Amino acid sequence: MHRVEIPDAEQVSPVLHDLDPGGNRATLTLADGRTVVLNEDQGSIVMGSDGVTYTDGTIVVGLSADVGERLNVIQTPRGGQYRIVLPDGTKVWLNAASSLRYPGQFVGKERRVELDGEGYFEVVKNAKQKFKVVCRGQEVEVLGTQFNINAYTDEPHVKTTLVEGRVRVASLESKEIAQLFPGQQSVLTKNVFEIDQVDVSTSIGWKDNDFIFKGQDLRTTMRQLARWYDVEVRYAPNAPLHLKIGGLVSRNNRLSSVLKAMASTNSVQFDFDGKTILVKPVNN
């Protein structure tokens with residue numbers, strides 16, 4: 001098992017085929033069926049009782065009075081990210097290729113949302129209304145806390161990483177329950193939880209626009225790049241899949257800079273035709 005450290009990608013010169021990094025891109029579909037393409041220059045929306053605004057107060061769209069409890073959906077594409085402030089003040093950052101379903105207002109004994117992909121949550125505390133996130137066979141229950149959920153369907157596990165507070169995770173199928181404390185991560189595999197002590201920065205770096213790699217495998221790294229730069233990835237038959245990747249790379253870098261920084265470790269090579277990355281061994 002070989003681990004490589006990625007050097008500073010900003011020192012790498014551009015090449016012929018390249019792609020800009022992802023940005024603030026999302027669509028909002030309201031419960032009444034209206035769909036709005038959100039402003040790329042803003043990056044965040046706020047759900048109010050009467051409508052949706054950007055954080056600078058600009059009105060996005062008004063809400064219909066009769067759909068307050070029905071679900072709205074905010075969705076990011078590959079190469080997109082966005083932030084939403086929910087009706088209770090809870091903040092949610094959505095990573096690329098993700099979606100969040102939520103009501104126009106929270107009523108009853110719980111605040112329930114549904115996540116696909118990856119999201120970082122800063123939940124406003126309310127002892128009378130537990131906050132629940134349902135995603136890929138798992139339910140996360142909190143009162144008020146900060147945590148990250150990675151539940152992409154192309155990842156082998158569902159990972160919940162707790163930054164602050166306390167959360168309860170439950171498998172919807174096996175009913176297994178686990179409780180997390182700060183610095184812990186639950187890994188759900190085939191309805192069974194494994195709890196690990198982790199460096200939370202590796203799970204939440206994307207929220208601050210960084211890729212933080214600390215010994216993760218090459219395939220996981222390439223899936224992250226594929227979502228952020230909206231590209232496909234293929235592997236040569238003898239690609240060095242055993243590689244463990246380390247380093248910090250800004251997500252503001254263009255794709256060529258990241259690939260050339262990784263290739264400069266002399267452990268892996270890439271061909272990129274503008275649409276697909278081919279991962280190859282050195283000297284292939």
Side-chain angles (χ1 to χ4, degrees), residues 1-23 77-81 95-98 117-118 120 148 150 152-159 161 183 185 187 189 194 196-284:
M1 187 178 299
H2 181 49
R3 173 168 171 162
V4 298
E5 293 292 327
I6 304 173
D8 188 353
E10 294 181 357
Q11 304 301 318
V12 180
S13 58
V15 296
L16 177 61
H17 294 297
D18 207 353
L19 286 176
D20 289 328
R78 285 163 62 99
Q81 63 181 7
N95 205 348
S98 302
E118 185 166 23
Y120 180 85
N148 190 83
N150 184 318
Y152 287 111
T153 56
D154 62 349
E155 293 292 342
H157 317 288
V158 179
K159 295 183 178 181
T161 309
Q185 179 183 83
V187 180
T189 307
E194 177 183 329
D196 300 313
Q197 200 73 29
V198 297
D199 181 345
V200 299
S201 67
T202 61
S203 296
I204 69 173
W206 67 268
K207 179 180 75 72
D208 299 316
N209 237 13
D210 289 320
F211 292 113
I212 300 179
F213 308 131
K214 292 191 176 180
Q216 70 180 33
D217 65 85
L218 181 62
R219 283 187 184 273
T220 299
T221 302
M222 297 310 298
R223 286 194 294 269
Q224 291 177 312
L225 297 183
R227 294 186 202 111
W228 186 235
Y229 294 97
D230 190 13
V231 294
E232 300 301 320
V233 177
R234 293 192 300 111
Y235 297 90
N238 50 351
L241 301 181
H242 62 284
L243 280 183
K244 299 295 182 181
I245 306 297
L248 185 152
V249 180
S250 170
R251 300 208 315 174
N252 291 320
N253 284 301
R254 304 192 79 194
L255 176 61
S256 66
S257 297
V258 179
L259 294 182
K260 292 187 75 174
M262 293 176 67
S264 70
T265 63
N266 295 317
S267 299
V268 63
Q269 291 189 97
F270 306 96
D271 285 341
F272 180 55
D273 62 6
K275 295 181 179 179
T276 303
I277 301 169
L278 176 63
V279 183
K280 309 186 302 180
V282 177
N283 300 322
N284 184 45

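Remember, it's a predicted structure, so these values are computed and weren't measured experimentally.
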When rounded to the nearest 0.5 angstrom, what is the spacing between [atom1] in [X] and [atom2] in [Y]?
X      : Y      : atom1 : atom2 : result
Leu19  : Ser257 : CG    : OG    : 11.5 Å
Asp18  : Phe272 : CG    : CZ    : 7.5 Å
Ile245 : Thr265 : CD1   : OG1   : 6.5 Å
Glu232 : Thr276 : CD    : OG1   : 6.0 Å
Ile212 : Leu248 : CD1   : CG    : 5.0 Å

Testing the basics here: between [X] and [Y], what is the closest heavy-atom pair and its distance to 0.1 Å?
X      : Y      : answer
Pro281 : Ala236 : CD-CB, 4.3 Å
Tyr152 : Ser98  : OH-OG, 3.4 Å
Ala226 : Val233 : CB-CG2, 4.0 Å

Given the rule in the side-chain hydrogen bond (donor to acceptor under 3.5 Å, both in side chains) test, do Asp217 and Thr220 qualify, once you have shown the distances and angles that lead to the verdict? CA-CA 6 Å; Asp217 65 85; Thr220 299; 2.9 Å; yes

Below 4.5 Å, heavy atoms only, C-beta onward: do [X] and [Y] meet side chain to side chain?
X      : Y      : answer
Asp271 : Lys280 : yes
Leu255 : Ile277 : yes
Leu218 : Met262 : yes
Leu259 : Leu225 : yes
Gln216 : Gln224 : yes
Val268 : Met222 : no

What residues form a side chain to side chain contact (heavy atoms under 4.5 Å, CB included) with Pro21, not counting sequence neighbours? Trp228, Tyr229, Arg254

Distance-only criterion, 3.5 Å: show the donor-acceptor pairs between side-chain atoms of residues 203-211 and protein atoms not counting sequence neighbours.
from   : atom 1 : to     : atom 2 : distance (Å)
Ser203 : OG     : Thr161 : OG1    : 3.2
Ser203 : OG     : Gln185 : NE2    : 3.2
Trp206 : NE1    : Glu118 : OE2    : 3.2
Trp206 : NE1    : Asn148 : OD1    : 3.1
Trp206 : NE1    : Ser203 : O      : 3.2
Asn209 : ND2    : Asn252 : OD1    : 2.8

I'd like to check the salt bridge (Lys or Arg N to Asp or Glu O under 4.0 Å) partners of Glu155; sequence neighbours left out, ordered by chain and number. Arg223, Arg227

When you measure from the side chain of Arg219 to the backbone of Leu241, do you find a donor-acceptor pair of N or O atoms at a distance under 3.5 Å? no

Could you tell me whether a side-chain N or O of Gln81 sits under 3.5 Å from a main-chain N or O of Ala96, the two making a donor and an acceptor? no

